[in-house]
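Take a look at the structure below.
This one's a predicted model, so the numbers in the text were calculated from it and none came from an experiment. Sequential numbering from 1 along the given sequence is applied to the chain's residues.
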Amino acid sequence: MEIPMIVIELEWRFLTIAPCDAAEPWQLGSQDAATPIMQGIIDLHHDIFFFLILILVFVSRMLVRALWHFHEKTNPIPLRIVHGTTIEIIRTIFPSIIPMFIAIPSFALLYSMDEVVVDPAITIKAIGHQWYRTYEYSDYNSSDEQSLTFDSYTILEDDPELGQSCLLEVDDRVVVQAKTHLRMIVTPADVLHSWDVPSSGVKCDTVPGRSNHTSILVQ
């Protein structure tokens with residue numbers, strides 16, 4: 001018995017607000033977070049946006065008040081206030097406190113993104129080529145067997161089926177286990193390569209001759 005998925009969408013002209021695992025046309029916001037790292041990125045974005053709203057309201061009020069009190073027609077005799085010790089102290093201290101509230105969670109998130117799991121459950125190696133990737137599950141190798149390796153090609157624009165994302169769908173997907181620490185080793189075979197999964201909050205860049213690694217915990 002299949003349970004239908006209820007998706008709440010709010011469409012207004014060309015704007016779509018919806019909880020989704022994949023990108024939607026004219027979507028506002030990020031995809032659903034698949035890892036704690038991506039959830040932390042979304043939370044940090046919302047926190048910083050809150051401070052931006054406060055700054056916008058405060059600066060807009062000061063601007064409107066200055067335009068009102070120093071407008072020639074509405075107020076021929078403007079207020080004779082050219083400076084004030086209290087307001088100068090406030091406008092000096094507040095801009096220095098706000099970055100502290102932003103820096104503390106951002107540093108914690110940055111260090112957690114660079115953290116590498118010492119003993120991961122699964123290790124997958126992604127070898128980047130110009131037009132495709134090669135994935136290798138090296139943990140399941142034995143002394144007399146080859147590694148579990150396969151090539152993953154992007155489906156062309158004219159070939160995707162109904163429900164598949166254009167230029168994002170591949171012919172052979174990578175399968176990972178949920179709630180398991182995963183280590184990704186990324187290396188290019190010929191050119192500069194980037195392995196990026198937006199819903200996981202992971203973007204790993206490499207150059208030929210070197211490898212890079214990152215850790216993922218899929219929720």
For residues 194-218, which residue pairs qualify under ring-ring contact (aromatic ring centres under 6.0 Å, His included), counting only residues two or more places apart or in two chains?
none

Please determine whether side-chain contact (heavy atoms from CB on, under 4.5 Å) holds for the pair I55 and F94, giving the CA-CA distance in whole Å, both sets of side-chain angles, and the decisive distance to 0.1 Å.
CA-CA 10 Å; I55 294 174; F94 269 35; over 6 Å; no

Per the ring-ring contact (aromatic ring centres under 6.0 Å, His included) rule, what does the pair list look like for residues 150-190, sequence neighbours excluded?
Y132-Y153, Y135-F150

The test is side-chain contact (heavy atoms from CB on, under 4.5 Å); show your working for S194 and K203 and say whether it passes.
CA-CA 7 Å; S194 177; K203 185 177 185 298; 3.4 Å; yes

Taking only residues two or more places apart in sequence or in another chain, which ones pass salt bridge (charged side-chain N to carboxylate O under 4.0 Å, His left out) with D151?
none

Would you check if T35 and V197 make a side-chain contact, meaning some heavy-atom pair closer than 4.5 Å?
no

Please give me the minimum heavy-atom distance between S30 and M38, naming the atom from each residue.
CB-CE, 4.0 Å

Tabulate below the donor-acceptor pairs under 3.5 Å that side-chain atoms of residues 39-53 make, not counting sequence neighbours, or state none.
from: Q39; atom 1: NE2; to: D43; atom 2: OD1; distance (Å): 3.2

Looking only at heavy atoms, the pair that brings V218 and V176 closest together is CG2-CG2, 4.1 Å

Qualifying salt bridge (Lys or Arg N to Asp or Glu O under 4.0 Å) pairs with a residue from residues 183-198, counting only residues at least two apart or across chains:
none

Taking the side chain as every heavy atom from C-beta outward, state whether V186 and S211 have any pair of such atoms under 4.5 Å apart.
no

Sorted by chain and residue number, the side-chain hydrogen bond (donor to acceptor under 3.5 Å, both in side chains) partners of R173 (sequence neighbours excluded) come out as E169

Apply the test side-chain contact (heavy atoms from CB on, under 4.5 Å) to residues T134 and T149: give CA-CA distance (whole Å), side-chain angles for both, the deciding distance (0.1 Å), then the verdict.
CA-CA 7 Å; T134 300; T149 306; 3.4 Å; yes

Is S96 reaching over with its side chain to a backbone N or O of I93, donor-acceptor style, under 3.5 angstrom?
yes

Please determine whether residues L67 and V59 belong to a single hydrophobic cluster, defined as Ile, Leu, Val, Met, Phe, Trp and Tyr linked transitively by side-chain heavy-atom distances below 4.5 Å.
no

Any side-chain heavy atom of I37 within less than 4.5 Å of one from V202?
no

Nearest heavy atoms of Q219 and A178, plus distance in Å:
O-CB, 4.0 Å

Taking C-beta and beyond as the side chain, do L109 and S112 meet within less than 4.5 Å on heavy atoms?
yes

Under the side-chain contact (heavy atoms from CB on, under 4.5 Å) criterion, do T123 and I185 qualify, and how do the steps go?
CA-CA 7 Å; T123 300; I185 300 177; 3.8 Å; yes

Paired with T187, the side-chain contact (heavy atoms from CB on, under 4.5 Å) test is passed by just one of K125, R210, H193, namely K125

Is there a donor in the side chain of D172 and an acceptor in the side chain of S152, or the other way round, less than 3.5 Å apart?
no

Euclidean distance, L217 CG relative to T180 OG1, rounded to 0.5 Å
7.5 Å

